[in-house]
*Asks:* 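Structure in structure tokens, see below.
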Amino acid sequence: MGINRGRTSNWNVLKTSKDFKPHNVVKLEHVLGLTVTSNSALDCDTKTGIIAYPAGCTIVFLSPYREKQTHLLNDSRKAVTCLTYSPDGRYLATGEYGHQPSIRIWDLSDNSRCYEFTDHKCGINCLAFSPNQKYLVSVGSQHDMIINVWDWRSRIKIGANKVSTKIKAVAFCETGDYFVTVGNRHVKFWYIQHSKQSLNKDQPGLIGRAAILGEQQNNDFVDVVCGKGDFQDMTYVISRSGVLCEFNGRRLLDRWVNVKTSCAFCITGGDEYLFIGCAESIIRCFSVSTLAFVTTLPRTHYLGVDVAKALNISHTSSHPKDARYPDAIAIIYDDVHKKLACVYNDHSLYVWDINDIRKVGKSNSYLYHCACIWGVETYPELEDSVMPSGSFITCSSDDTVRVWNLDKHRSDYDADCPYQSNIYSNELLKVIYIDPELQYIKNTDIGLTDKSENPSYDDRNGVRSMGISYDGQQLATGDRAGNIRVYGLKTVDEICKIEAHDAEVLCLEYTPVIPNSNKRLLLSASRDRLIHVFDASDYYKFVETLDDHSSSITAIRFIDVNNQLQLVSCSADKSIIFRRYQNGKNAHFVRDRLLTGKSTLYDMAVDCSQKYVLTACQDRCIRVYNVNNGKQCKSFKGSVGEEGSVIKVALDHSGRYLATSCTDKTLCVFDYYSGECIACICGHSELVTGLRFSNDCERLISASGDGCIFVWRLPRDMVVTMQTRIAQQRARSSAPKSPLYDNSEDPMNEISITTHIKADIGRDINNDIRFNDGQLPLWVTKSVNEESTLISESNSRKMMPKGRWAQRLTPFAQDGILNLPSSRESDGSKEDSSVDSGTETSRPEDRHEKLIVPQKGYRRSNSSNLSDLQDIHRVRQHTDDSSLGSFKNEDVESIEHDGDIEDYSEVESADNGSNNKVIYYQTVDDALR
């Protein structure tokens, strides 16, 4: 029985407390990346042809025929190091790395976890089911050196033994009488004693017998596979030096052959052929019966390839003479469907078609980051865009910047466009290589489960940050050595390189359009406590340095306050500094105010109204500050857990929801106005270092230190809410400009100047009403001018204010009479939740009142005071999106529902045919190279 392809496991809802009950589940839609380090982490179900591999804490199931993924999320937040299918394909066993790792067995019919065992100490290297599915063998890491045999359905351990070396692979013979383990100078056959007695020291239940290695005894053996069919008594082992050995059922070395490679990593086989993954992208094929060489499979892309130029198969024959290739580190063969899946150490995945061994073709291929991803940015939606709509960019420690696009129905640009669909990947459009020597483009430290053993894990150069100009024409990148490189996105050429800082560049930010100036500035912030200002309109000429912080600067943002450009920066010294841009001949930034917080600040975001700044703090709080007065006006927990720190915060484009990432490897989605946690999800095995909402508000993109990019599908009600608010904002922005209109909203109830309207139905509203002729106080006038918002007209419903700030107008001031809308936009407060609850407000139809306001500006009533309206009541609960249509501006044509949101269906297409074409490479020389 195969996996349920249309479902994603609901283990992504992480309940950390009894009171936390998320209302929505954010579903994992697509994974760009993998964390396979050996053959133990790659397997294939021969009944369905589905390939399984880990990506952090997540298991990815890839169907090569449909090119579609389904996922299984590990709620323990520990990296999955190995996995194996049961022979019937119904169950999947996974092992993990970390303190007290678990062996989990999943029922793939409903993606449920049915068994769990915890007996190893630090990690699990290998897993294998017996052919009859009665036993499961688990091999611990080099820190515990234990082999366990489980009767997993009975939940008992029937055998265990210790080993003296690190085990790198395990394989069961087809009869199930024994299994074989390999390692450095180690090939051992293990026999399970079928004893009904309980396991004890005198009765280990597992007896090992070493193979007779002969002259191959000093080899480091890396992988093993057992024969099938007529050769079920044979065992085939490959050494790192490239020696293929054949052992018979008596553990004797019958014969061996030299594969002729500098290094071998893995082996797999079927009834006829053995395939061996080697260095430099070489895969050798040998006959099972004679160990005779058959053929060499085509090579993959070369390192440093420009994927955007690989538009047809001819590109595969034009490799440079000195080209280098990735190493094949994991390989699995599906003898039923004749597919060979291979993972390379640059984190690329190829699926080869082996229907004709003399004419091998490429069925699928995927190229991913091979190191920590430091940031993700969505490309803005512009009229003169140089990238396809929906593209996003990531930067990584592998010294690359990559452009991705998941829209399968996108229309490709002209042939001169540098972002094209290519034969190597459907999602990857472009790769910008920062290091011309390509030192870190592939992971040479395979087989190291513990990152503390990896000497190059922390001292890589890598691209640490990036920023996109507001016109979408330029991209700035900052590396870990303090250098800044600027690229033109239209031609992807390097414009300039600036040796700016003494430490890694943590943040890069372009200024928006500066009022009364043609300048465009680029600001860089670094761990060296400095902010450098460059003139992007004058070939990035240096302008000035800002040195007000005393520790690493974690984020910088620009805001527009009353047509005045301001710079906000936060630092690990717990401070936030506001600076204004002083225009003129010697333009520079002048410090306005300094705020000191309670904890270290890791990230910062600005809401869509440009009035509030959100900070991610070390104490797991999200604090909101008023831009005008610098006061903290709101604070709420940014994580549902009780451990870790919030390190990233991102607002969606409508300003309604925000996403946070915590050091406990979880992601949380919050309602910005109420502070309520909507969903908590997990799936990454390392810290989430990049977080962005897509431009269409339908997805959340997260990037992590495990080198994987997760694309999460947001619930439909959230998507409708965000897209409706964006439509309203665009409608207001196109309305006539006047003091009574403003394109932004004020979500903070604490600073809103509200007008209290009380019902008085029995009074004749047509009678003259006299007001005080006195002027408003100065502080109210200032607040009204700064905080004025949009008011829509509605001739059918009118009200009369009785507040103390009402002002009498002259008989000729007819413009001072405004008609209130029938239903106003929600600000997200708990008192008015018409947007997300699906309810609407209404007033008696026979009521007509007029609101007279001052001429200088008008501050509409905040939704928190709608409870004072005695004539307002909830009418009904909607079951569709009709309630969202009640927020209309009669002066502007409504565009809220110009395009209906397509419902996200989880049902997979019924088309069982292959959606991809096999690409056949040019015939290679069959001679053993």
Side-chain angles (χ1 to χ4, degrees), residues 8 24-32 68-69 375-394 402-413 419 421 426-429 468 470-472 489 605 607-608 649-659 667 669-672 678-679 681 690-703 709-734 743 825 828 835-836 880-881 884-885 887 894-906:
T8 299
N24 300 287
V25 177
V26 179
K27 297 183 179 180
L28 182 58
E29 182 181 66
H30 203 86
V31 174
L32 299 171
K68 182 178 180 180
Q69 295 181 354
V376 56
E377 295 288 344
T378 55
Y379 186 80
E381 297 291 339
L382 303 169
E383 293 183 359
D384 55 345
S385 172
V386 299
M387 291 186 185
S389 176
S391 299
F392 59 94
I393 308 173
T394 57
R402 308 198 182 203
V403 181
W404 310 85
N405 194 297
L406 298 180
D407 185 8
K408 295 183 179 180
H409 304 289
R410 65 180 179 270
S411 57
D412 290 332
Y413 284 17
Y419 310 98
S421 298
N426 291 329
E427 305 96 353
L428 182 61
L429 302 185
I468 304 174
Y470 276 75
D471 58 3
L489 292 179
D607 75 335
C608 60
V649 59
L651 272 168
D652 76 276
H653 296 279
S654 71
R656 180 57 190 270
Y657 300 102
L658 64 92
L667 300 176
V669 180
F670 291 89
D671 188 309
Y672 172 41
I678 297 175
I681 52 181
L691 202 59
R692 286 293 182 271
F693 285 89
S694 62
N695 293 327
D696 58 7
C697 299
E698 295 185 0
R699 298 173 178 88
L700 176 65
I701 305 170
S702 62
I709 305 167
F710 284 13
V711 181
W712 307 87
R713 186 82 180 194
L714 299 177
R716 177 175 169 78
D717 56 345
M718 286 181 57
V719 174
V720 172
T721 300
M722 290 184 285
Q723 293 183 345
T724 302
R725 289 173 61 86
I726 292 177
Q728 293 169 349
Q729 293 167 3
R730 290 175 179 173
R732 288 195 299 270
S733 65
S734 61
N743 294 334
E825 184 182 8
V835 171
D836 39 12
D880 54 17
D881 300 332
L884 301 174
F887 304 98
S894 175
I895 58 173
E896 297 171 9
H897 299 287
D898 284 352
D900 294 334
I901 310 299
E902 182 180 357
D903 191 11
Y904 175 58
S905 175
E906 295 182 359

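Each residue takes its place number in the sequence, starting with 1. Just so it is clear, the structure is predicted and the values come from calculations on it, not from any experiment.
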*Asks:* Any non-hydrogen side-chain atom of Ile701 less than 4.5 Å from a side-chain atom of Phe710?
*Replies:*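 They are not in contact (no side-chain heavy atoms under 4.5 Å apart), so the answer is no.
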*Asks:* Any heavy-atom pair between the side chains of Leu658 and Val669 that's under 4.5 Å?
*Replies:*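 A side-chain contact is absent here, since even the closest heavy-atom pair is not under 4.5 Å.
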*Asks:* Let me see the working for Leu428 and Trp404 under side chain to side chain contact (heavy atoms under 4.5 Å, CB included), right down to the final yes or no.
*Replies:* CA-CA 5 Å; Leu428 182 61; Trp404 310 85; 4.0 Å; yes
*Asks:* Of all heavy-atom pairs between Val26 and Ala679, which one has the smallest distance, and what is that distance?
*Replies:*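 Looking at all heavy atoms of both residues, the closest pair is CG2-CB, 3.6 Å.
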*Asks:* Kindly compute the distance separating OG (Ser385) from OH (Tyr379), expressed to the nearest 0.5 Å.
*Replies:*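 It is 4.0 Å, given to the nearest 0.5 Å.
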*Asks:* Find out whether Met718 and Ile678 are in side-chain contact, i.e. whether some heavy atom of one side chain is under 4.5 Å from a heavy atom of the other.
*Replies:*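 SC-SC contact between Met718 and Ile678 confirmed.
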*Asks:* Please name all residues satisfying ring-ring contact (aromatic ring centres under 6.0 Å, His included) with Phe670, sequence neighbours left out, ordered by chain then number.
*Replies:*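 Partners of Phe670 by the ring-ring contact (aromatic ring centres under 6.0 Å, His included) criterion, ordered by chain and then number, come out as Phe636.
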*Asks:* If you round to the nearest 0.5 Å, how far is CG of Leu489 from CD1 of Ile468?
*Replies:*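 Separation between the atoms: 7.0 Å.
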*Asks:* Keeping Gln69 on the side-chain end and Val31 on the backbone end, is there a donor-acceptor pair under 3.5 Å?
*Replies:*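 Yes, the answer is positive, given that a donor and an acceptor are paired below the 3.5 Å cut-off.
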*Asks:* For a quick test of reading the model, state the closest non-hydrogen atom pair linking Val25 to Pro715 and the distance between them.
*Replies:*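 Of all heavy-atom pairs spanning Val25 and Pro715, the closest is O-CG, 3.9 Å.
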*Asks:* Do the side chains of Phe392 and Ser694 get nearer than 4.5 Å, heavy atoms only?
*Replies:*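 Ser694 vs Phe392: side chains apart.
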*Asks:* Going from CZ on Arg402 to CD on Glu427, what distance comes out if it is rounded to the nearest 0.5 angstrom?
*Replies:*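 Interatomic distance, Arg402 CZ to Glu427 CD, rounded to 0.5 Å: 12.0 Å.
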*Asks:* How close do Trp712 and Ser702 get, counting heavy atoms only, and between which atoms?
*Replies:*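 Of all heavy-atom pairs spanning Trp712 and Ser702, the closest is NE1-OG, 3.0 Å.
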*Asks:* Answer whether the closest heavy-atom distance between the side chains of Ile393 and Met387 falls below 4.5 Å.
*Replies:*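 Answer yes - side chains close enough.
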*Asks:* Of Thr378, Asp407, Asn695, Asn405, which is the lone residue that meets side-chain hydrogen bond (donor to acceptor under 3.5 Å, both in side chains) with Ser391?
*Replies:*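 Looking at Thr378, Asp407, Asn695, Asn405, the match for Ser391 under the side-chain hydrogen bond (donor to acceptor under 3.5 Å, both in side chains) is Asn405.
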*Asks:* So, taking the atom named NE2 in His30 and the one named NZ in Lys68, what distance separates them when rounded to the nearest 0.5 Å?
*Replies:*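 Going from the NE2 atom of His30 to the NZ atom of Lys68 covers 11.5 Å.
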*Asks:* Test Leu406 against Val711 for side chain to side chain contact (heavy atoms under 4.5 Å, CB included), laying out the working first.
*Replies:* CA-CA 9 Å; Leu406 298 180; Val711 181; 3.5 Å; yes
*Asks:* If you take all heavy atoms of Leu429 and Pro388, which pair is closest and at what distance?
*Replies:*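 The pair with the smallest heavy-atom distance is CD1-CG, 3.9 Å.
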*Asks:* With sequence neighbours left out, write down each residue that passes side-chain contact (heavy atoms from CB on, under 4.5 Å) with Ser654, or none if nothing qualifies.
*Replies:*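 Ser654: side-chain contact (heavy atoms from CB on, under 4.5 Å) contacts with Asp652, Arg656, Met722, Arg725, Ile726.
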*Asks:* Do Cys608 and Gln729 come within less than 4.5 Å of each other through their side chains, counting heavy atoms only?
*Replies:*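 The answer is yes, as the side chains (C-beta and beyond) meet within the 4.5 Å cut-off.
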*Asks:* Side chain to side chain contact (heavy atoms under 4.5 Å, CB included) between Ile709 and Thr394: does it pass, once the steps are laid out?
*Replies:* CA-CA 9 Å; Ile709 305 167; Thr394 57; 3.6 Å; yes
*Asks:* Take Leu714 and Tyr657 through the test side chain to side chain contact (heavy atoms under 4.5 Å, CB included) and record every step on the way to the result.
*Replies:* CA-CA 11 Å; Leu714 299 177; Tyr657 300 102; over 6 Å; no
*Asks:* Could you tell me the separation between the CG atom of Asp696 and the CD atom of Glu381, rounded to the nearest 0.5 Å?
*Replies:*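 Here the rounded value is 8.0 Å.
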